[in-house]
There are 2 protein chains.
Amino acid sequence: MTSRPDPAPAPDPAPAPAPAAGVRQAQKQASRRALLDAALGLLEQQNLSGLGVREVTRAAGLSPAGFYRHFADLAELGVVLVEESLANLHVMVRAVFAGSGEPELLIDRSVEVIAAHVAEHPAYLRFLARERHGGVKSVRDAVAAELARFAEELADLLAVQPDTAAWSAADRRMLAELYVDRMVSTALALVEADAEERAAIARTVRTQLRLINLGSRHWQAS
Amino acid sequence: MTSRPDPAPAPDPAPAPAPAAGVRQAQKQASRRALLDAALGLLEQQNLSGLGVREVTRAAGLSPAGFYRHFADLAELGVVLVEESLANLHVMVRAVFAGSGEPELLIDRSVEVIAAHVAEHPAYLRFLARERHGGVKSVRDAVAAELARFAEELADLLAVQPDTAAWSAADRRMLAELYVDRMVSTALALVEADAEERAAIARTVRTQLRLINLGSRHWQAS
DNA sequence: GAGTTCGGTGAACGAGTGTTCGCTGAATGC
DNA sequence: GCATTCAGCGAACACTCGTTCACCGAACTC
């Protein structure tokens, strides 16, 4: 309890989606959340493969044995964290594209949304950065799958965008992967930068995205 | 010894640079290499923060205490591995740009060189992927510093490239970072892909780099 | 109200850990 | 030849670790 710097401000405070009836269930969910939050906090300065069951239960205020009532593995817990980490991103990207279709505006808003997300959920993003190529295969695969879904979603959105509507599906997918990759890299760079570096990173990525957009406008003409 | 899948084909076989006179020195260097190679092998399936001193010395055929004759920390060993990992890349990028200046050709050759490098030194690249955002700060910083040097080098090369010679230094740096990031991501994707996926990844990245190049050709015109 | 379910506990298991210590013996400097 | 250096060793210290076990007691079912 003394080792946790952050009181784990339950990042998804909504108790609505699956409160499930029963005091029993609620208490179990609370313990589960405590484990997840404790792990997330510890993972800010550590790898998943360096994390220990005892360490997590200690931070969560459970006994070591209690862990196994919720997860078989730390890897299993890790996969859940991956899903939580990226769940919000999907609704965010849709929100960005919901407005106007001006590419320049889209770019600015995308960067703003990413910066805000990084500022709000740094722990989740740090975790993703660490485990995207980390030592636990199942977690790595979960991240890859989630990012692929993300690229797919963006490719679908590009299909209704004037500049890219006429492209082949493969080319749209290629462009979507380019954008996703740039944004992921940006998020990861932002998360371990201090305040002044962040402004520079945001400026750079805006320019880079504009350059990519410029390239895609001249694509078919080549 | 039984747990090492790879007999660690000393990636830098040159005994010339610093053989230093003396049997003593040579034996010490051999042990040091054994430690580095053993660690690199173990890190193919593990994080640096999950690695143990005893584990490394066991794989290297030393006693645990022997480790401390060479490194104070596993982190220190990790930093050395980072430097070795990226040392070759610098000479490679110069080799690519030494030839003709045709952008399309440069792109094709860059992708080829990366693919070849990944095929030849997968362990080093896997290690870089893991530790670029891993749990050990000193190693993370070493990777970041090395990649920054890399971007700087590329920016210098862009200064003598016809399309970008007239750009501002900041814009060239921006473009260099975009290229470096794309290539790093590609290398990391290649390293955990199987043979058929690799062809697809190479094709995609070629297209993406062409699109970026197209954008940079129209940049000043915007 | 009686009986069942089940999340959480504390103790215990064997195994593995980082690091330090004094020692050895071959390579060195003279 | 002799004294010195020092890479490597085995043993030991004092941990931490993952996982299992029987058990408790509050929440549930009926």
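Throughout, a chain's letter reflects where its sequence line sits, starting with A, and its residues are numbered from 1.
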| remark: On a heavy-atom basis, the closest approach of Ala75(B) and Ser138(B) is CB-OG, 3.7 Å
| request: Specify the separation, in whole Å, of atom CZ of Arg32(B) and atom P of dA7(D). | output: 12 Å
| note | Between His133(A) and the options Glu192(B), Arg132(B), Arg130(B), the side chain to side chain donor-acceptor pair (under 3.5 Å) test singles out Glu192(B)
| task | Among the candidates dC17(D), dA27(C), dG18(D), find the nucleotide nearest to the side-chain atoms of Arg58(A). | result | dC17(D)
| request: Pick base, sugar-phosphate or nothing for Gly66(A), based on heavy-atom distances below 4.0 Å to the nucleic acid. | output: base
| query | When the distance from CG of Leu42(B) to P of dT17(C) is rounded to whole Å, what number comes out? | reply | 11 Å
| task | Figure out the CG/C1' separation between Leu51(A) and dT16(D), and round it to whole Å. | result | 14 Å
| query | Ser63(B) has a side chain; which of dG8(C), dG10(D), dA26(C) sits nearest to it? | reply | dG10(D)
| said: Less than 4.0 angstrom from a charged side-chain N to a carboxylate O is my criterion; do Glu112(B) and Arg109(B) meet it? | reply: no
| request: Considering only NZ, NE, NH1 and NH2 on the basic side and carboxylate oxygens on the acidic side, decide whether Arg33(B) and Glu84(B) come within less than 4.0 Å. | output: yes
| Nucleotide dT17(C), atom C1' - distance to CZ of Phe67(B) in whole Å | 14 Å
| field | Flag, side chain of Glu44(A) to backbone of Gly41(A), donor-acceptor distance under 3.5 Å | value | no
| In whole angstroms, how far is the P atom of dG16(C) from the CD atom of Gln46(B)? | 14 Å
| query | Atom CG in Leu43(A), atom CD in Glu55(A): separation rounded to 0.5 Å? | reply | 9.0 Å
| query | What's the CG-P distance between Leu74(B) and dG18(C), to the nearest Å? | reply | 7 Å
| Integer-rounded Å distance: dT16(D) P and Arg54(B) CZ | 16 Å
| Distance-only, no hydrogens or angles: does the Thr57(A) side chain make a donor-acceptor pair with backbone N or O of Arg54(A) under 3.5 Å? | yes
Enumerate all atom pairs, one protein N or O and one N or O from nucleotides 20-24 of chain D, separated by less than 3.5 Å.
none

| task | Specify the separation, in whole Å, of atom CD of Gln25(B) and atom C1' of dA27(C). | result | 11 Å
| remark: Lys28(A) has its side chain closest, among dG8(C), dC17(D), dG7(C), to dG7(C)
| task | On DNA chain C, check which nucleotide each of His70(A) and Asp73(B) is closest to and give me the residue with the more 5' one. | result | His70(A)
| message | From the set dT19(C), dC9(D), dG7(C), return the single nucleotide nearest to any side-chain atom of Leu62(B). | response | dC9(D)
